[in-house]
There are 2 protein chains.
Amino acid sequence: MAGWEAIRTEVLARIRSRAWPLGTLIPPEAALAQEFGVARATVNRALSELARAGVLERKRKAGTRVAALPVRKATLDIPVIRAEVEARGEVYGLRLLLCELAQPPVPVLARLGQDVGEMLHIETLHLASGRGFVLEDRWLNPAILPTPLPDFAAISANEWLVAHISYASGDISFSAEAANDAAAAALGVAQGSAVFVTERCTWAPDAPITWVRLIHAPGYRLSTVL
Amino acid sequence: MAGWEAIRTEVLARIRSRAWPLGTLIPPEAALAQEFGVARATVNRALSELARAGVLERKRKAGTRVAALPVRKATLDIPVIRAEVEARGEVYGLRLLLCELAQPPVPVLARLGQDVGEMLHIETLHLASGRGFVLEDRWLNPAILPTPLPDFAAISANEWLVAHISYASGDISFSAEAANDAAAAALGVAQGSAVFVTERCTWAPDAPITWVRLIHAPGYRLSTVL
DNA sequence: ATTGCTATTATGTCTGCACATATTCCAAAG
DNA sequence: CTTTGGAATATGTGCAGACATAATAGCAAT
């Protein structure tokens, strides 16, 4: 019995077997370290991992307890659209539908929380083997862009951003909606079809970077393992 | 400059500032440890964290490089439905629509990958302040259930499972679909409405536990911060 | 030119110790 | 009885050193 993964497995087994029922306090790290014959740091590594997964709840001094109403935490991978298409073995394509400066509509302003005046409005249709895959509707803060503007007909705004404004913070949400006329036409599906929508809002430390809505073609699935 | 979070911040700053461009190899842990005046373990902690977030890619001997096409990793919290309803400040309710032993249909068998004979088919409508919130369609391996059966009209199968079969592994996927007749009627929405669907498949080490499809009422959003 | 072995090297993990920090609990003071 | 102020304690984080492991790169033999 050595290695933090072995410890993690053993702890999980005890939880599953109800040796440590839901909601109960488990022995402190020092005790477990002695029992398993490893250093406390090793136990700590294992328990921290389980806490990150939502299986355990830890508080200083209070000790470690088995989560009573476990909140499963799943990790989603959010790749660049081109990578996603190519991972399916399809040919990626891109069509720039719109690229102009304009005043963003109120809902977009509300999500960004700040008015920076006119923003660059970009609409891009991403293609997988020629068929519509994702319709991207983006509002971009022009202050963060270089002059001259990148050629968004050659590289999607999506990809340009991850390559140049990387690792900003933001939020993301997923929902189901009925495709409106424009989206249905662009994706080549019936108007009113159920489509999977990803909405993302990205911030630099001081100013908004971008708000984007990705409308995925019907049949799209977002998956992960638990 | 001490503490692994400070190191993480500094490394992120260098990536953002292009001091370490995308795709390049960064100095080995030992060098960074010396530069920052901390132990290698501290640098390791910081870099590992960034690797988990998808900002860095690490390989033994090959070294650590800044991810070229960063795959953002977002963590989703998947709570028990009752907790989700109550977190919105609404009153949780539950209606058991169906509970019977039956042979699961082929698509369900395919997802489970194994035929264990008849399974318990449970349909539950979860209510938020009296309105339909989620329609749960579940197939449950009866071998894992106690006798007599739990009262699924009082506690939802969803909740009974997390409390009794906790921490199994599985996969989960999200999609958008048009509500069929039954779902539309149960949720009280127009037939064909776009609904958000969560599909989960859970396994014990040896046998399947459950397959479940959650059809969320229109307007449902799944969100997280990046 | 190709294949196969080996040395090198960067990360992964462990140990044992130490101190920091948060939080509970109990006791003393008001 | 309530409040306040330690003291105790469990986790968080740090350090230095060591060995394990994986993968590359270079050299040698075919």
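To find a chain, count down the sequence lines: A is the first, B the second, and so on, and within it residues start at 1.
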Provide, to the nearest angstrom, the distance between the CG atom belonging to A:Leu50 and the P atom belonging to D:dG12.
12 Å

Rounded to the nearest Å, what distance is computed from the NZ atom of residue B:Lys61 to the P atom of nucleotide C:dT13?
19 Å

Given atom CG of B:Leu25 and atom C1' of D:dA23, what is their separation to the nearest angstrom?
13 Å

Do any N or O atoms from the side chain of B:Thr224 and from the backbone of B:Leu76 form a donor-acceptor pair under 3.5 angstrom?
no

Testing the 3.5 Å rule here: is there a donor-acceptor pair between the side chains of B:Glu136 and B:Thr124?
no

Lys/Arg-Asp/Glu bridge criterion (N-O < 4.0 Å) met for A:Glu49, A:Arg45:
yes

Would one find a side-chain N or O of A:Thr42 under 4.0 angstrom from OP1 or OP2 of C:dT13?
no

Salt bridge or not between A:Glu10 and A:Arg14? Use side-chain N to carboxylate O under 4.0 Å.
yes

Within the structure, does a side-chain N or O atom of B:Arg45 lie under 4.0 Å from either OP1 or OP2 of D:dG14?
no

Whole-Å distance separating the CD atom of A:Gln34 from the C1' atom of C:dT15
15 Å

How long is the span from the CG atom in A:Leu140 to the CG atom in A:Leu145, to the nearest 0.5 Å?
4.5 Å

Need to verify one output field. Residue with the more 5' nearest nucleotide on DNA chain D, A:Gly63 or B:Glu5?
A:Gly63

Just so I know, are the side chains of A:His164 and A:Ile144 near enough to count as touching, which here means a heavy-atom distance under 4.5 Å?
no

Closest of C:dT24, C:dT15, D:dA16 to the B:Ala39 side chain is D:dA16

Specify the separation, in whole Å, of atom CZ of B:Arg58 and atom C1' of C:dT13.
12 Å

Given C:dT15, D:dC15, C:dT24, which nucleotide is nearest the side-chain atoms of B:Val38?
D:dC15

Let me know the distance between CD of B:Glu29 and C1' of C:dT13, rounded to the nearest Å.
11 Å

Round to a whole Å and report the spacing from NZ of A:Lys59 to P of C:dA22.
13 Å

Provide a list of protein-nucleic acid N or O atom pairs under 3.5 angstrom, restricted to nucleotides 17-21 of chain D.
| unit_1 | atom_1 | unit_2 | atom_2 | d |
| --- | --- | --- | --- | --- |
| D:dA18 | N6 | B:Arg40 | NH2 | 3.2 |
| D:dT21 | O4' | B:Arg60 | NH1 | 3.4 |
| D:dT21 | O3' | B:Arg60 | NH1 | 3.3 |

Examine C:dT11: is either OP1 or OP2 under 4.0 Å from a nitrogen or oxygen in the side chain of B:Thr64? Give yes or no.
yes

Quick check on C:dT13: is either OP1 or OP2 less than 4.0 Å from any side-chain nitrogen or oxygen of B:Asn44?
no

Return the value, rounded to whole Å, for the distance between atom CZ of B:Arg65 and atom P of C:dA10.
13 Å

Rounded to the nearest 0.5 Å, what separation is found between the CH2 atom of B:Trp160 and the CG atom of B:Asp151?
12.5 Å

